[in-house]
Amino acid sequence: MRVLVIGSGAREHALVLALSHDPAVTALACAPGNAGTAALAESYGVDVTEPSALADLAVEWRADLVVVGPEMPLVAGAADAVREVGIACFGPSAEASRIEGSKAFAKDVMAAAGVPTAHAEIVDNPAKLDAALRRFGPTWVVKDDGLAAGKGVAVTDDLAAARAHAMTLLEDGHPVLLETFLDGSEASLFCLVDNTTVVPLLPAQDFKRVGDGDAGPNTGGMGAYAPLPWAPAGLVDEVVAKIVQPVVNELAARGRPFSGLLYAGLALTSSGPQVIEFNCRFGDPETQAVLALLRTPLTGLLLATATGTLAAHPAPEWSDGAAVTVVIAAEGYPGFARSGDVITGSESDGILHAGTRRREDGAIVSSGGRVLSVVGSGDTLPAAREEAYRKVALVHLAGSHHRTDIALRATKGEVTPL
Ligand code: AMP
Ligand code: GLY
């Protein structure tokens with residue numbers, strides 16, 4: 001089977017790596033890819049936000065299956081365009097991708113499906129902001145209603161900071177969502193969904209803030225681990241039954257069935273799991289940890305999802321043990337990120353590339369905010385963590401930064417569901 005992966009992050013490198021191990025894959029391409037995917041797959045430059053360009057590439061390359069990594073092309077209609085030319089696609093339609101692309105739409109679907117989530121109000125007029133802020137907080141949760149690459153959210157006890165963040169969004173013409181604050185540990189659950197059937201993968205935890213101890217601004221994700229040693233037995237089944245399946249059923253009932261990866265971002269509160277957000281694609285960096293533990297060939301799972309045959313596919317099998325991902329970010333990230341610096345030490349197994357490119361002289365240089373995802377696996381979470389940080393220490397990139405506490409509290413038994 002010829003498989004074309006769309007995207008250029010470490011998530012796509014992880015997907016390409018898993019697909020490259022699968023004997024069912026006879027040819028592999030990644031567009032646009034990065035210096036890491038280029039070692040495993042053919043690379044094609046393409047504008048990922050242009051659905052017809054992706055469909056044309058899929059036809060020209062004679063793809064049997066297209067796997068769309070990021071949300072932006074999905075929301076723009078990449079999966080629709082690929083399916084229209086008769087090629088199987090892993091990824092939801094533009095209509096179903098609104099579960100991520102519009103937080104207001106997601107809230108509406110959840111309300112109709114009876115799924116627990118934070119109470120929210122949309123403010124689209126600065127004159128109404130102060131009264132709305134008085135109905136929330138502390139703590140205030142202020143979000144951009146549209147796609148914001150994980151960086152559009154402010155969670156703060158400071159009313160002035162909440163107001164300032166909301167005003168910045170409003171001045172840019174973006175409606176603002178105010179939400180009640182959800183307490184409790186966070187978990188990410190990825191589910192394969194083929195319009196009707198839901199197959200959960202291993203639960204994971206992401207570290208969204210830039211600094212150790214969850215200090216500093218939100219990012220796209222600075223690290224992750226899977227599975228969750230502290231999760232109560234039955235958590236995954238409960239989340240599928242009470243949250244994911246009802247949302248999948250609701251989307252199908254609205255004539256917008258979801259096919260692809262539905263990612264539930266959860267807060268495990270004292271009154272049970274509640275949804276922080278849905279995403280319409282694999283999460284980054286959790287995917288790098290989750291796929292490191294997958295033993296079932298990935299292609300079959302993705303193809304069964306894309307062709308509506310998940311119910312007949314054997315359940316995924318997982319390695320025992322754990323995996324930890326640590327993101328190495330460029331100086332300045334999540335603000336303006338410095339680029340063009342030479343990276344050394346990134347050749348080990350398990351070092352996945354994101355913002356990298358190969359210069360004409362052969363050197364690998366930084367070209368984005370999140371530069372590398374370093375994955376360690378082991379029989380236990382502490383062993384996986386040690387392996388990840390051992391490899392982080394091999395990498396040199398001037399000015400780069402990473403968190404030193406990914407999965408640390410979980411290894412000490414300090415994380416509880418509440
Ligand atoms: P989002 O972009 O909606 O995933 O939000 C990014 C991060 O902000 C989440 O991973 C949480 O850490 C935090 N967050 C978002 N919404 C809430 C909420 N209602 N209560 C508490 N934390 C939240
Ligand atoms: N890990 C967060 C995200 O992919 O949005």
Side-chain angles (χ1 to χ4, degrees), residues 7 9-12 14-15 68-72 74-75 97 99-107 110 115-121 136-157 162 165 169 174 176-190 201 203-211 213-226 260-271 273-291 325-327 329 334 354 369-370 373 403 406 418:
R11 163 185 52 207
E12 285 74 26
L15 288 163
V68 184
E71 61 276 18
M72 207 82 92
L74 291 166
V75 170
S97 300
I99 196 80
E100 171 165 6
S102 165
K103 292 190 190 290
F105 174 77
K107 288 286 179 194
M110 284 188 266
V115 165
T117 184
H119 166 70
E121 274 183 43
F136 288 85
T139 303
W140 286 273
V141 178
V142 181
K143 299 188 179 186
D144 187 331
D145 181 50
L147 290 181
K151 293 182 269 185
V153 180
V155 179
T156 174
D157 288 328
H165 184 66
L169 296 172
H174 296 210
V176 164
L177 203 78
L178 300 182
E179 275 192 10
T180 49
F181 176 70
L182 296 175
D183 221 350
S185 295
E186 286 184 37
S188 303
L189 184 68
F190 299 168
L201 306 183
Q205 193 174 46
D206 178 19
F207 291 73
K208 290 252 166 65
R209 301 281 185 143
V210 72
D214 291 333
N218 268 312
T219 68
M222 293 298 291
Y225 64 95
L261 192 294
L262 187 57
Y263 161 150
L266 306 161
L268 306 180
T269 74
S270 50
S271 53
Q274 300 218 25
V275 175
I276 291 178
E277 64 168 348
F278 277 109
N279 292 320
C280 65
R281 36 85 196 167
F282 279 100
D284 187 343
E286 298 97 311
T287 299
Q288 292 86 301
V290 169
L291 290 185
T325 303
V326 179
V327 170
R370 292 190 292 175
S373 264
R403 282 184 63 157
I406 303 300
L418 302 184

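All values derive from a computational prediction rather than experimental measurement. As the structure lists them, so they are numbered: ligands from 1, and atoms in each ligand from 1. Worth knowing before you read on, the calculation uses all heavy atoms, side chains too, and leaves out hydrogens, waters and symmetry mates.
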Inset, instruction - Give the numbers and elements of all ligand 1 atoms closer than 4.0 Å to a heavy atom of Val155. - result: 8 (O), 13 (C), 14 (N)
Inset, instruction - Give the numbers and elements of all ligand 2 atoms closer than 4.0 Å to a heavy atom of Gly283. - result: 4 (O)
Inset, instruction - Using the six-membered ring wherever Trp is involved, compare the ring planes of Phe207 and Tyr225 and label them parallel, tilted or perpendicular (cut-offs 30° and 60°). - result: tilted
Legend entry - Which of the ligand 1 atoms, numbered from 1, are nearer than 4.0 Å to a heavy atom of Lys143: 3 (O), 15 (C), 16 (N)
Inset, instruction - Report yes or no: does Arg370 contribute a side-chain atom to a donor-acceptor pair with the main-chain N or O of Gly220 at less than 3.5 Å? - result: yes
Legend entry - Numbered atoms of ligand 1 (with element) below 4.0 Å of Lys208, judged on heavy atoms: 4 (O), 9 (C), 10 (O)
Legend entry - Per-atom contacts of ligand 1 with Asn218, taking only distances under 4.0 Å to non-hydrogen atoms: 8 (O)
Inset, instruction - Considering the heavy atoms of Glu286, write down every atom of ligand 2 situated less than 4.0 Å from one of them. - result: 1 (N), 2 (C)
Legend entry - Atoms of ligand 2, numbered as shown, that sit under 4.0 Å from any heavy atom of Asn279: 5 (O)
Legend entry - Contacts of type salt bridge (Lys or Arg N to Asp or Glu O under 4.0 Å), residue Arg403, not counting sequence neighbours: Asp214, Asp405
Inset, instruction - Answer yes or no: does an N/O atom from Glu277 fall short of 3.5 Å to an N/O atom of ligand 2? - result: no
Inset, instruction - Please name the pair of heavy atoms, one in Pro285 and one in Gly221, separated by the smallest distance, quoted to 0.1 Å. - result: CD-CA, 3.8 Å
Inset, instruction - Show which atoms of ligand 1 fall inside a sub-4.0 Å distance from at least one heavy-atom site of Lys103. - result: 2 (O), 3 (O)
Legend entry - Glu100 side chain to Cys280 backbone, donor-acceptor under 3.5 Å: yes
Inset, instruction - Determine, considering heavy atoms only, which of Glu186, His119, Glu100 sits nearest to atom 9 (C) of ligand 1. - result: Glu186
Inset, instruction - Pick whichever of Gln274, Arg209, Glu277 has a heavy atom sitting closest to atom 4 (O) of ligand 1. - result: Glu277
Inset, instruction - State the atoms of ligand 2, each with its element, that fall below the 4.0 Å cut-off from a heavy-atom position in Lys208. - result: 2 (C)
Legend entry - Under-4.0 Å heavy-atom contact with ligand 1, by part of Leu182 that carries it: both
Inset, instruction - Determine, stepwise, if the pair Arg281 / Thr287 fulfils side chain to side chain contact (heavy atoms under 4.5 Å, CB included). - result: CA-CA 10 Å; Arg281 36 85 196 167; Thr287 299; over 6 Å; no
Legend entry - Region of Thr139 engaging ligand 1 - heavy atom pairs below 4.0 Å: neither
Inset, instruction - Decide yes or no for Leu178 and Val141: does some side-chain heavy atom of the first lie under 4.5 Å from some side-chain heavy atom of the second? - result: no
Legend entry - Closest non-hydrogen atom pair, Ala118 against Gln274: N-OE1, 3.9 Å
Inset, instruction - Mind listing the closest non-hydrogen atom pair of Gly223 and Ile406 along with its distance? - result: CA-CD1, 3.7 Å
Inset, instruction - Number the atoms of ligand 2 from 1 as they appear, then name those within less than 4.0 Å of a heavy atom of Gly220, with their elements. - result: 1 (N), 2 (C)
Inset, instruction - Would you check the N or O atoms of Phe181, main chain and side chain alike, for any that come under 3.5 Å of an N or O of ligand 1? - result: no
Inset, instruction - With heavy atoms of Asp206 as the reference, note each atom of ligand 2 found under 4.0 Å away. - result: 1 (N), 2 (C)
Legend entry - Nitrogen or oxygen atoms of Arg281 and ligand 2 under 3.5 Å apart: yes
Inset, instruction - Assess the side chains of Thr269 and Asp183: does a donor N or O sit below 3.5 Å from an acceptor N or O? - result: no
Legend entry - Minimum heavy-atom distance between Met222 and Asp206, given as atom pair plus value: N-OD1, 4.2 Å
Inset, instruction - Please report the shortest heavy-atom distance between Thr156 and Thr139, naming the atom on each side. - result: O-CG2, 3.4 Å
Inset, instruction - Compare Tyr263, Phe207, Phe282 and give the one whose heavy atom is closest to atom 2 (C) of ligand 2. - result: Tyr263
